[in-house]
Amino acid sequence: RQRDGSVQVARGARALGVVTLLAGVLAAGLAGLRLPASWLMARAAAAKAAAGAEGLSDAGRVQRLEEALALHGRAAALGTGAYHPEREEALIALALGRPGDALGHALRARALAPHSVELMVVHGDVLGALGNWAEAADCYQDAVRATPEADEPFLRLQLALDRSGQLLR
């Protein structure tokens with residue numbers, strides 16, 4: 001550990017190397033899937049727009065999130081069969097305070113990958129944002145059954161059961 005910050009430089013270089021490696025693996029995997037270049041470009045642009053929302057004013061943040069939502073919508077419209085654009089749209093709609101819109105995206109994502117624990121949790125989060133805690137608990141319960149070792153679905157299930165009045169006291 002140097003006082004001149006060389007450890008931080010080394011850590012940054014290592015992180016960049018990992019990101020570069022992951023980008024290469026991702027590109028190779030996506031090339032094997034033969035996804036349209038427009039899907040990849042829309043996904044990258046949406047990620048950039050969403051990432052740029054941090055630290056902005058409320059109006060700037062909303063604008064960036066709206067841009068990301070539109071780009072994910074374009075990616076979803078390509079009909080690749082991937083659930084990711086719909087999942088991202090659901091999460092962005094929640095961030096924008098639009099749980100009703102998020103529900104449609106969450107349902108479409110789950111239709112594409114009904115056994116995805118991640119999507120079960122997102123669906124539960126959307127239902128919770130709508131105040132449908134009993135239905136949210138059902139989604140989290142499905143996630144807990146699928147991955148009983150995972151903490152996040154279990155903790156969210158407890159919260160939903162409590163908020164719905166179903167938690168035993």
Side-chain angles (χ1 to χ4, degrees), residues 19 22 26 29-30 33 35-36 38-169:
V19 168
L22 289 174
L26 179 61
L30 292 176
L33 291 175
L35 293 173
S38 56
W39 185 87
L40 298 175
M41 291 185 327
R43 176 68 179 110
K48 183 178 176 184
E54 295 299 318
L56 295 177
S57 66
D58 286 343
R61 180 178 166 278
V62 167
Q63 181 180 354
R64 284 294 178 97
L65 290 172
E66 291 286 359
E67 291 170 10
L69 188 62
L71 289 166
H72 282 296
R74 287 178 36 210
L78 293 171
T80 63
Y83 69 82
H84 305 89
E86 292 288 353
R87 176 200 62 207
E88 293 298 314
E89 286 181 284
L91 294 172
I92 293 168
L94 278 179
L96 288 168
R98 300 180 194 157
D101 293 345
L103 182 59
H105 296 300
L107 290 171
R108 285 187 291 277
R110 283 206 63 190
L112 292 168
H115 301 292
S116 168
V117 172
E118 174 188 21
L119 295 179
M120 293 173 193
V121 170
V122 168
H123 188 194
D125 290 349
V126 170
L127 290 168
L130 288 167
N132 298 336
W133 289 106
E135 291 178 52
D138 291 341
C139 291
Y140 297 139
Q141 183 66 65
D142 291 343
V144 168
R145 283 189 188 108
T147 57
E149 71 282 357
D151 291 336
E152 183 180 346
F154 176 76
L155 295 172
R156 290 179 189 221
L157 172 61
Q158 300 311 303
L159 174 67
L161 290 172
D162 182 51
R163 294 217 172 140
S164 68
Q166 298 176 60
L167 191 63
L168 299 176
R169 297 190 189 250

Can you name the closest pair of heavy atoms from [X] and [Y] and give their distance?
X      : Y      : value
Trp133 : Arg163 : CZ2-NH1, 3.3 Å
Ile92  : Ala68  : CD1-CB, 3.7 Å
Met120 : Asp142 : SD-C, 3.5 Å
Leu112 : Ala82  : CD1-O, 3.5 Å
Pro99  : Ala129 : CB-CB, 3.9 Å
Ala109 : Leu119 : O-CD1, 3.3 Å

Residues two or more places apart in sequence or in another chain: which of them pass side chain to side chain contact (heavy atoms under 4.5 Å, CB included) with Ala134? Ser164, Gln166
Listed partners of Ala70 passing side chain to side chain contact (heavy atoms under 4.5 Å, CB included), at least two apart: none
Is the shortest heavy-atom distance from the side chain of [X] to the side chain of [Y] under 4.5 Å?
X      : Y      : answer
Arg110 : Tyr83  : no
Cys139 : Val121 : no
Leu91  : Glu88  : yes

List the steps, then state whether side chain to side chain contact (heavy atoms under 4.5 Å, CB included) holds for Val62 with Glu66. CA-CA 6 Å; Val62 167; Glu66 291 286 359; 4.1 Å; yes
[atom1]-[atom2] distance between [X] and [Y], expressed to the nearest 0.5 angstrom:
X      : Y      : atom1 : atom2 : value
Arg145 : Leu157 : CZ    : CG    : 9.0 Å
Leu103 : Arg98  : CG    : CZ    : 15.0 Å
Phe154 : Gln141 : CZ    : CD    : 9.5 Å
Glu152 : Glu118 : CD    : CD    : 9.5 Å
Leu94  : Leu130 : CG    : CG    : 8.0 Å
Leu69  : Leu65  : CG    : CG    : 8.5 Å

Short side-chain to backbone donor-acceptor contact, Tyr140 and Gly124, under 3.5 Å: yes
Under the 3.5 angstrom rule, does the side chain of Thr147 hit a backbone N or O of Ala143 as a donor-acceptor pair? yes
Are a donor atom and an acceptor atom from the side chains of His105 and Glu86 found within less than 3.5 Å of each other? yes
